[in-house]
Number of protein chains: 2
Amino acid sequence: MTVYQATASAPVNIAVIKYWGKRDTKLILPTNSSLSVTLDQDHLRSTTTSRADPSFDHDRLWLNGKEEEIKGDGRTATCIAELKRLRKEVEDADSNAPKLSTFPVHIASYNNFPTAAGLASSASGFAALVSSLAQLYELPASPSTLSLISRQGSGSACRSLYGGYVAWNVGTDPSGVDSNAVEVAPREHWPDMHALICVVSDDKKGTSSTSGMQRTVETSALLQHRIKHVVPQRMADISKAIQERDFDSFAQITMADSNQFHAVALDTAPPIFYLNDVSRSIIQVVVEYNRLSLANGGGYKAAYTYDAGPNAVIYAPEKNMKEIIQLILNYFPQKDAFKDTFALFKNDKAEGKLPAGFNKNVAKVHQAGEVRNLIHTRVGDGPRKLSSEEALLGENGLPKTLA
Amino acid sequence: MTVYQATASAPVNIAVIKYWGKRDTKLILPTNSSLSVTLDQDHLRSTTTSRADPSFDHDRLWLNGKEEEIKGDGRTATCIAELKRLRKEVEDADSNAPKLSTFPVHIASYNNFPTAAGLASSASGFAALVSSLAQLYELPASPSTLSLISRQGSGSACRSLYGGYVAWNVGTDPSGVDSNAVEVAPREHWPDMHALICVVSDDKKGTSSTSGMQRTVETSALLQHRIKHVVPQRMADISKAIQERDFDSFAQITMADSNQFHAVALDTAPPIFYLNDVSRSIIQVVVEYNRLSLANGGGYKAAYTYDAGPNAVIYAPEKNMKEIIQLILNYFPQKDAFKDTFALFKNDKAEGKLPAGFNKNVAKVHQAGEVRNLIHTRVGDGPRKLSSEEALLGENGLPKTLA
């Protein structure tokens with residue numbers, strides 16, 4: 001008996017032009033375009049196995065080994081229905097194609113980063129789900145077409161359908177057909193882009209991005225200005241910076257847009273705060289690091305960005321990463337010794353250290369653990385097709401590892 | 001021999017529509033109108049004695065007993081020169097008037113609140129200086145005319161020339177002649193407005209408002225939208241709210257404008273942060289306090305506002321103050337027992353306490369001293385003329401108390 005099963009992995013992406021606000025909450029159509037860098041799946045990824053089988057009773061989903069209900073009007077159900085619809089088109093065009101669209105599916109998904117990493121898994125998760133089903137169904141769809149589906153799972157998931165540098169077009173069509181992801185440049189165009197994720201401890205429960213962004217749409221006067229007059233120019237400018245591998249421009253726009261996203265969150269009634277005092281300190285350290293370089297006739301050396309939480313992502317050319325890690329370790333000592341993914345520290349230990357001329361008073365030295373974890377990664381590739389050896393479902397069609 | 005001397009006091013004011021941005025840094029002309037509540041001089045004030053004497057060698061100034069240099073092109077010198085010019089007009093019109101405009105002046109100024117109170121003293125300080133010289137010179141000038149002069153000492157000082165509710169007009173004339181303060185309503189119109197100042201400890205040195213606001217003018221795209229499209233409407237709306245003693249509208253606009261000021265500060269490159277985690281917690285507490293009241297069919301009960309620092313000012317009708325103080329004491333215990341200015345706590349001690357139904361998890365209970373000081377005050381009157389008994393200069397023309 002043929003087993004219809006496929007396994008895919010998909011990456012995390014971190015936006016440099018932020019998505020904040022929906023004009024259609026059901027289709028997940030944004031109020032502005034956004035742009036992200038895809039991170040390397042060697043370090044952070046979601047893996048999903050999908051299997052279609054007529055003997056299955058109904059569609060089922062397991063996340064990290066724990067079954068999750070697929071609600072009829074929910075986002076996961078929407079994605080599965082859309083992919084079955086595309087499969088049906090394949091079947092209608094080729095009478096020899098097995099009628100997979102009529103079979104229930106079992107889907108198992110796993111994130112190799114714990115929730116404790118402080119990273120949203122919905123983007124990589126929905127991208128992996130859509131990728132594995134598209135493989136299972138042998139869909140002739142481009143990543144851009146698939147991005148239209150993953151967008152309906154989680155907005156920013158559409159950007160995880162490509163590697164490298166990815167734009168999500170705001171679009172104008174009410175159906176959402178032109179609100180897709182497109183590749184601005186592949187990873188190979190500018191592979192030098194590294195990233196340091198600083199996971200910040202927080203004792204406050206943040207506002208969910210879904211409810212937060214709608215509150216901003218409803219109450220912030222500044223958001224409308226951002227949407228109409230600021231983002232379009234920044235999208236053009238940062239795309240050009242990426243084409244030209246111009247880190248100076250990339251860094252300035254990235255930091256300005258992170259600031260502006262948090263500004264419109266603050267301009268919301270009641271206000272939304274995602275940055276805490278530790279986040280602020282990381283910003284001050286990066287600002288001083290750039291100031292020092294600029295004062296010495298150099299360019300920007302690093303760019304911070306923050307999503308809907310206190311964690312920083314610091315983008316920088318690879319050559320600056322050692323210095324940046326030392327800077328962060330100086331102000332934010334770790335509880336456990338930092339081990340670098342890229343083995344930048346071979347004979348020397350990774351220790352806190354400031355560059356000559358650095359104004360050490362820009363921040364205080366924090367207590368160990370206030371930055372809980374550091375993850376060093378870089379720009380990465382798009383969704384991967386994995387072999388059956390990496391499948392998460394066993395022969396019985398159930399997850400190999402249950403929670 | 002006649003002694004030409006006058007003593008005046010002037011109040012602190014706290015804006016509810018914020019001033020942030022100059023279009024002329026020399027004349028101190030703002031980029032938008034602003035509006036403030038004058039606080040009671042019974043609690044917070046600057047007192048200034050001015051004396052003109054032909055035997056004096058040159059103009060001299062003492063602040064809190066310590067002599068400060070009056071720089072030739074500085075703001076204090078500008079104010080003194082303007083007032084001497086107006087005195088000269090009096091002398092030109094009346095040949096019997098003593099030629100005080102030709103005499104050097106000695107000026108002694110004193111703030112009854114320590115720097116540690118976390119309140120800017122420049123507004124009350126320049127208002128008191130201008131008021132005392134105007135009295136000394138017997139100027140026929142209205143508070144509005146005098147506000148044009150104190151504005152050149154420190155922008156927000158122009159609003160301390162009136163009691164009650166005061167607007168500072170943005171104006172359009174390049175000379176600044178129409179950028180004056182006007183009374184929106186006197187204290188007597190709405191005397192019920194109380195204020196709780198929460199002085200927040202901070203281990204970071206903030207960006208000075210003078211340099212910070214110019215950086216915002218130069219780099220924030222959102223500021224321009226605020227100036228053109230948001231503030232004019234808010235000025236009209238909050239003036240109406242004051243006329244109608246409509247605390248619901250007053251509170252909503254006050255909190256929105258505080259949020260937006262801090263939003264444009266964050267939208268600056270590099271970003272400016274004035275709120276810290278303690279400030280954020282106070283906001284969450286006030287938001288929950290209002291939510292609870294609204295959920296029970298009531299109205300807004302309190303409004304927070306923050307200037308260029310982490311300290312909160314909470315405006316509220318008098319009847320809510322006891323509850324507010326108990327709320328704040330619950331989350332921000334004091335090192336020393338709180339003593340209320342208005343003796344709200346007579347038989348019961350001022351202790352932390354939450355209203356029934358209050359979601360206590362909106363903030364954590366902070367360590368004693370994170371809110372360093374609480375000052376309970378209310379809307380107050382404009383500059384006062386004080387008797388010679390309260391003069392800060394002795395018979396010899398020098399400060400009675402040297403630092």
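A, B, ... follow the sequence lines: proteins, then strands. Residue 1 opens every chain.
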K.L.:
Taking atom CD as the centre, does A:E244 end up with more than 12 heavy-atom neighbours from other residues, nucleotides or ligands that are less than 6.0 angstrom away?
P.N.:
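Yes - once you tally the heavy atoms of other residues, nucleotides and ligands closer than 6.0 Å, there are more than 12.
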K.L.:
Let's test your reading of the structure: which of B:N290, B:N361, B:L275 forms the most heavy-atom pairs below 4.5 Å with chain A?
P.N.:
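Answer, by heavy-atom pair count under 4.5 Å with chain A: B:L275.
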K.L.:
Report yes if some heavy atom in the side chain of A:R280 is under 4.5 Å from a heavy atom in the side chain of B:D277; otherwise report no.
P.N.:
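No, their side chains stay 4.5 Å or more apart.
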K.L.:
Could you tell me which portion of A:I283 (side chain, backbone, both or neither) has an atom closer than 4.5 angstrom to a non-hydrogen atom of chain B?
P.N.:
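Looking at A:I283, just its side chain touches chain B.
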K.L.:
Select one option (side chain, backbone, both, neither) describing which atoms of A:T268 are under 4.5 Å from chain B's heavy atoms.
P.N.:
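The backbone, not the side chain.
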K.L.:
Could you tell me the separation between the NE2 atom of A:H229 and the CD atom of B:Q224, rounded to the nearest 0.5 Å?
P.N.:
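One gets 12.5 Å once the value is rounded to the nearest 0.5 Å.
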K.L.:
Minimum heavy-atom separation for A:V264 and B:L222, please, with both atom names.
P.N.:
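Where A:V264 meets B:L222 most closely, the heavy atoms are CG1-CD1, 4.3 Å.
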K.L.:
Let me know if B:A221 has heavy atoms under 4.5 Å from chain A in its side chain, its backbone, both or neither.
P.N.:
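Both parts, backbone and side chain.
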K.L.:
Please identify, among A:P270, A:S258, A:A263, the residue contributing the most non-hydrogen atom pairs under 4.5 Å to chain B.
P.N.:
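Heavy-atom pair counts peak at A:A263.
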K.L.:
Mind listing the closest non-hydrogen atom pair of B:D267 and A:A256 along with its distance?
P.N.:
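Heavy atoms of B:D267 and A:A256 come nearest at OD1-O, 4.5 Å.
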